[in-house]
Amino acid sequence: MKLNVALFVSGTGSNARVLLEAIRDGWIAGEPVLLISDRECVAEQLGVEFNVPVKRLVPKEFSSNDIWQYAVTQAVLMRNAQFIALCGYLRLLPGELCREFPNRILNIHPGPLPQFGGKGMWGHHVHDAVLASGCKWSGPTVHYVNEIYDAGDIVAHVPVPVLEGDTAETLGKRVLNVEHRLYPVVVAQTIGKYLQLKTGE
């Protein structure tokens, strides 16, 4: 048994790629049914490579945020998605979508939460903040997604040391390497637990 998976992207899609590869290779019990983007981005090319439908939904192209939120939610539901993985997606998900998928939406954040999360905290902004704080440890955090940026329950975190002389770029590269190992494992485990609950009903 597999779950239909929707992936949300905004950038290069490196985490989306590792998830799609893990699904293809049988490590994740999923079937990718949709790739949603909020802008033109490199990650959209994964749709062609992995034969996954791509839906670009740019907020400014809708007459209101409510209509954009409705379009996003309907796009996911129409593809019969059962699980959502955010892979560098920079928008807050519609509340309705969060309520439709309790404990079935994961995000990976490039720093410790909650101290380095919230609106505007993504990519190099997170690494800059970690370095500015003097913190000796960073590392990616996987968490459930709700209606507040980076506020869902934490599922997993792997510490990555901050080294002397680190820049946002050097720290970011080491964190990203860990992200690529951590995210597929957590997604696989989360889907597996959900399937066990479903089959045990």
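These numbers come from a predicted model, not from an experiment.
Note: K136 NZ to L163 CG = 10.5 Å, rounded to the nearest 0.5 Å. For the atom pair N107 CG and I84 CD1, the distance stands at 11.5 Å (nearest 0.5 Å). A distance of 10.5 Å separates OG1 in T12 from CD in Q45, rounded to the nearest 0.5 Å. Atom-to-atom distance recorded for I191:CD1 and I28:CD1 is 6.0 Å, nearest 0.5 angstrom. The structure places CG of D128 at 8.5 Å from CE of M121, a figure rounded to the nearest 0.5 Å. Atoms CG and CD, on D66 and E96 in that order, are 11.0 Å from each other to the nearest 0.5 Å.
Residue Y144 is not grouped with residue L86 when hydrophobic side chains (ILVMFWY) are merged at heavy-atom distances under 4.5 angstrom, including chains of intermediate members. Cluster annotation: V142 is not connected to F101 through the hydrophobic network of ILVMFWY side chains, with a link wherever side-chain heavy atoms come within less than 4.5 Å. Hydrophobic clustering places V158 together with V126 (ILVMFWY residues linked when any side-chain heavy atoms are closer than 4.5 Å, directly or through intermediates). Grouping the Ile, Leu, Val, Met, Phe, Trp and Tyr side chains by contacts below 4.5 angstrom, directly or via other members, places L106 apart from L97. No single ILVMFWY cluster, assembled from side-chain heavy atoms under 4.5 Å apart, contains both L131 and L113.
Checked by atom type and distance alone, the side chain of S37 never pairs as donor or acceptor with a backbone atom of V9 at under 3.5 Å. Between the side chain of D150 and the main chain of G118, a donor-acceptor pair closer than 3.5 Å is present. Proximity of a side-chain donor or acceptor of W122 to a complementary backbone N or O of G88 within less than 3.5 Å is not detected. When atom types are taken as modelled, the side chain of S10 and the backbone of L90 share a donor-acceptor pair closer than 3.5 angstrom. Using modelled atom types, no side-chain atom of R79 and backbone atom of N4 make a donor-acceptor pair closer than 3.5 Å. In terms of modelled atom types and a separation under 3.5 Å, the side chain of H143 and the main chain of I108 share no donor-acceptor contact. Panel note: side chain H127, backbone S138; no donor-acceptor pair is recorded below 3.5 Å.
Among residues two or more places apart in sequence or in another chain, the side-chain hydrogen bond (donor to acceptor under 3.5 Å, both in side chains) test is passed with R104 by none. In terms of the salt bridge (Lys or Arg N to Asp or Glu O under 4.0 Å) criterion, residue partners of R56 (sequence neighbours excluded) are, by chain and number, E44. Checked against side-chain hydrogen bond (donor to acceptor under 3.5 Å, both in side chains), T167 has the following partners two or more places apart in sequence or in another chain: T170.
Using a 4.5 Å heavy-atom cutoff, the side chains of Q82 and Y194 are not in contact. Looking at V76 and E100, their side chains never come closer than 4.5 Å, going by heavy atoms from C-beta outward. In this structure, the side chains of V155 and Q189 stay at 4.5 Å or more apart for every pair of heavy atoms. Looking only at side-chain heavy atoms (C-beta outward), C87 and Y183 come within less than 4.5 Å of each other. Counting only heavy atoms from C-beta outward, the side chains of L176 and N15 approach each other to under 4.5 Å. Looking at heavy atoms from C-beta onward, E179 lies in side-chain contact with V175 at the 4.5 angstrom threshold. You'll find the side chain of F50 reaches within 4.5 Å of the side chain of R17, heavy atoms only. Side-chain contact between V5 and V187 is absent, with no heavy atoms from C-beta onward closer than 4.5 Å.
Between L35 and A43, the shortest heavy-atom contact is CD2-O, 3.4 Å. Taking each heavy atom of G111 and T141 in turn, the nearest pair found is O-OG1, 2.8 Å. Scanning all heavy atoms of the two residues, the minimum distance from P32 to V52 falls at CB-CG2, 3.8 Å. Pairing each heavy atom of L34 with each of K55, the nearest pair is CD1-CB, 3.9 Å. In terms of heavy-atom proximity, G30 sits nearest to I23 at O-CG2, 3.1 Å. For the residue pair G47 and V54, the shortest heavy atom distance occurs at CA-CG2, 3.7 Å.
Heavy atoms from other residues, nucleotides or ligands lying under 6.0 Å from CZ of F62 number more than 12. Atom CG of N51 is surrounded by 12 or fewer heavy atoms from other residues, nucleotides or ligands within 6.0 Å.
Hydrophobic cluster membership for V185: none, as no Ile, Leu, Val, Met, Phe, Trp or Tyr side chain comes under 4.5 Å of it. Side-chain contacts under 4.5 Å among hydrophobic residues (ILVMFWY), followed directly or transitively, place L92 together with Y149.
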Test side-chain hydrogen bond (donor to acceptor under 3.5 Å, both in side chains) applied to S14 and H180, step by step = CA-CA 8 Å; S14 65; H180 291 168; 2.9 Å; yes
Please walk me through it: do V178 and R174 pass side-chain contact (heavy atoms from CB on, under 4.5 Å)?
-> CA-CA 7 Å; V178 177; R174 290 204 312 283; over 6 Å; no
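Residue pairs satisfying the ring pair (Phe, Tyr, Trp, His ring centres under 6.0 Å) criterion with at least one member in residues 1-39, sequence neighbours excluded, are listed as follows: F8-Y89.
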